[in-house]
Amino acid sequence: MISVRGRGPARLAAAAAATGLLAAGAIAGAGNAVADENSPHPGGATATLGGLKTYDQAVIHGRGGDKKIGAGVFEMAVDGGGVLKTYCIDIHTGTRKDARYKEASWAESSLHNNQNAGKILWILKNSYPQVNDLVALAQKAGAGQLTEKTAAAGTQVAIWRFSDNANVEAVDPDAEKLADYLQQNAQNLAEPQASLTLDPPAVSGKAGEKLGPITVNTNAQAVTVAPGAQAENAGVKVVGADGAPVTSAKNGDRLFFDVPEGTADGSASLTLQAATEVSVGRAFTSIDPKNPSQTQILAGSSGSSVTATATATWATAAPAPAVTAEKKCAAGGVEVSVTNKGTEPFTFTLAGKEHQVPADGKPVSVLVPVKEDQPYKITITGPNGFEKTFEGTLDCETDSEGTTGATGTTGGGAETPEPSTAPSPATVGGETGGDAGGETGGEGNLAETGSNSSTPVIAGVAIALVVLGGAAVFFLRKRKPATAGSDD
């Protein structure tokens, strides 16, 4: 794992101040629950795409001839506060104005089977904007002069050569020299750490027990921990491994729901929040099933708000199921896992088939096949009205030569083919995997659209955040250019 390094005192102070402004939210966890796209990946940053901000021109050489596109850095506004800078890693798929994104692991993105994913990370850490001494960077690349725009274009071109195996060149000669230098010197680095995730995000058991553990994975120095309203109403506490109540946690900590004996059967949640810099190299995938947008990879982060949630279910003389869902790009679907630590077996129906989970805590996992770029709606049902639904889109591959319909922004700035927002329905779990109708919502050059001023609220979470005057200003490293082969 690659942790965030090189923070100065001012940046630490800003992050601490932002963390202090977090107000704990609550998520209702009992009864029927509908999970949005964050459910398969509980935790991390979610953001709205603003547009292509710093860019120059590139040319794709393809079967249909040459195509000029914009190549450079996008910006995203983080839910709850913060700004991200990203590059595209899916050159033939279009971007959508105000597209919604979530932080994802490489395994959940088009990088899942890319042997050069680590080289893309090396490029990000050894070029603009992480390296902002453009004179020194130009000297290393054998280029005459680099501006922010040409440095961004050269970096994007080098990334596309590894992310999409694209035959692409920068129009500016110095940007092309930078692209060649980065491509030739790139080394494979390890995948960076998530900003915040919980493992597992759902647990179960019997009243009178500590339900868990839930392990905290984060690059933040500390995260706030708060039980949901139902936990507080039932007298359920969130405790650490020593049994003491906790209000904050750090990476590697284990959390438990302490359910008093005699508590009526039910469920509850906890919420973790932090302000941190999301690690360079984290993937960001679009989360609107009706409005897909090209996958991005993080090039820089201000102090940003990140959130994760976990749920617990308990029962005295009944099943106590805990259900999670995770995209499995390598397997071509979504894996639904069910554990049961109640006193009786739990029988559920998924994708038209019935399954039984014994009351031994061992998970039963079912892979639901989903077609690439298809919206899915996966519902698991059980006795006594039990129902959970997971929705999203499987976006695991790069588009080849822009094969899908509609028009909009591809690769960065040009008006070229992009995926339709109305794909043919896919059958998932016995239900239609999305609405085949609707407007495409396509936009022109995102470089001209500007950033979205509204920041949507994370579904199901009540987050009160005061955005500091400098919250939109990047705390990017002012560091010396890294040498070839550097890993930081």
Side-chain angles (χ1 to χ4, degrees), residues 35-50 74-79 84-114 117 120-121 124 159-160 163-164 191-192 194-197 278-299 301 304 306-308 325-335 370-378 390-399 404 409-412 418-419 421 423 426 433-434 446 456 458-459:
D36 66 7
E37 176 69 7
N38 290 324
S39 293
H41 180 76
T46 54
T48 300
L49 185 68
F74 288 86
E75 283 190 8
M76 295 187 187
V78 180
D79 294 349
L84 306 177
K85 289 190 175 183
T86 61
Y87 286 104
C88 161
I89 53 173
D90 190 358
I91 191 171
H92 292 295
T93 297
T95 51
R96 299 284 189 173
K97 185 180 184 298
D98 298 336
R100 301 278 295 124
Y101 282 82
K102 72 178 182 69
E103 181 183 346
S105 67
W106 290 356
E108 297 171 290
S109 74
S110 58
L111 297 178
H112 72 278
N113 61 351
N114 190 327
I120 296 172
L121 177 57
L124 293 166
I159 290 171
W160 276 332
S163 65
D164 295 75
E191 181 175 0
S195 63
L196 177 61
T197 60
V278 184
S279 297
V280 170
R282 291 292 289 172
F284 276 78
T285 58
S286 64
I287 59 178
D288 185 348
K290 296 183 180 180
N291 200 24
S293 186
Q294 64 185 209
T295 303
Q296 306 276 316
I297 193 164
L298 189 66
S301 169
S304 298
V306 296
T307 306
E326 183 179 3
K327 291 182 182 178
K328 294 288 185 179
C329 283
V334 176
E335 185 177 78
V370 180
K371 294 180 180 179
E372 176 68 12
D373 292 328
Q374 295 292 333
Y376 61 80
K377 184 176 182 181
I378 299 171
F390 302 91
E391 298 181 71
T393 301
L394 195 71
D395 184 10
C396 293
E397 307 293 339
T398 56
D399 187 25
T404 49
T409 307
T410 293
E418 70 173 3
T421 58
L446 282 182
I458 301 173

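Values below: every heavy atom of this structure, side chains too, minus hydrogens, waters and symmetry copies. Owing to the predicted nature of the structure, the values given are computational and were not obtained by experimental measurement.
With E397 contributing its side chain and E372 its backbone, the two residues share no donor-acceptor pair below 3.5 Å. Here the side chain of S293 pairs a donor or acceptor atom with the backbone of R96 at under 3.5 angstrom. A donor-acceptor contact shorter than 3.5 Å is absent between the side chain of E335 and the backbone of E326.
Here the OG1-NZ distance, from T285 to K102, works out to 4.0 Å after rounding to the nearest 0.5 Å. To the nearest 0.5 angstrom, L124 atom CG is 13.0 Å from R282 atom CZ. Put simply, OG1 on T86 and CD1 on I159 are 9.5 Å apart, with the number rounded to the nearest 0.5 Å. Note that OG1 of T95 and CD of Q294 are 5.0 Å apart. Values are rounded to the nearest 0.5 Å. Going from atom OG1 of T398 over to atom CG of N113 covers 8.5 Å, rounded to the nearest 0.5 Å. Atom-to-atom distance recorded for T46:OG1 and M76:CE is 11.0 Å, nearest 0.5 angstrom.
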**Request:** Begin with the C-alpha distance, continue with both residues' side-chain angles, and end with the deciding distance and a verdict on side chain to side chain contact (heavy atoms under 4.5 Å, CB included) for I89 and S110.
**Result:** CA-CA 8 Å; I89 53 173; S110 58; 4.1 Å; yes
**Prompt:** Given V334 and Y376, is the side chain to side chain contact (heavy atoms under 4.5 Å, CB included) satisfied, shown in steps?
**Reply:** CA-CA 9 Å; V334 176; Y376 61 80; 3.7 Å; yes
**Message:** Apply side chain to side chain contact (heavy atoms under 4.5 Å, CB included) to residues C88 and Q296 and explain how you reach the verdict.
**Reply:** CA-CA 4 Å; C88 161; Q296 306 276 316; 4.1 Å; yes
**Request:** Kindly indicate, with the supporting measurements, whether the criterion side chain to side chain contact (heavy atoms under 4.5 Å, CB included) is fulfilled by I120 and L111.
**Result:** CA-CA 10 Å; I120 296 172; L111 297 178; 3.9 Å; yes
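For T295, the side chain to side chain donor-acceptor pair (under 3.5 Å) partners two or more places apart in sequence, or in a different chain, are D395. Residues satisfying the side chain to side chain donor-acceptor pair (under 3.5 Å) test with Y87, not counting sequence neighbours, are none. In this structure S109 satisfies the side chain to side chain donor-acceptor pair (under 3.5 Å) test with no other residue, sequence neighbours excluded. Residues satisfying the side chain to side chain contact (heavy atoms under 4.5 Å, CB included) criterion with A107, sequence neighbours excluded, are S105.
Summarising the geometry of L121 relative to G281, their closest heavy-atom pair is CD1-CA, 3.7 Å, with the distance given to 0.1 Å. Closest heavy-atom contact between L394 and G332: CD2-C, 3.9 Å. Annotation for V280 and A299: closest pair CG2-O, 3.8 Å, computed over non-hydrogen atoms. Considering every non-hydrogen atom in both S195 and E103, the closest pair reads OG-OE1, 2.6 Å. Minimum interatomic distance between V278 and S304 (heavy atoms only, all atoms of both residues): CG2-CB, 4.5 Å.
Applying the side chain to side chain contact (heavy atoms under 4.5 Å, CB included) test between L84 and each of F284, Y101, F74 identifies F284 as the sole match.
Ion pairing of E108 with K327 is absent here, as no side-chain N (NZ or NE/NH1/NH2) approaches a carboxylate O to less than 4.0 Å.
Residues R100 and D79 form a side-chain contact, since some pair of their non-hydrogen atoms from C-beta on lies under 4.5 Å apart.
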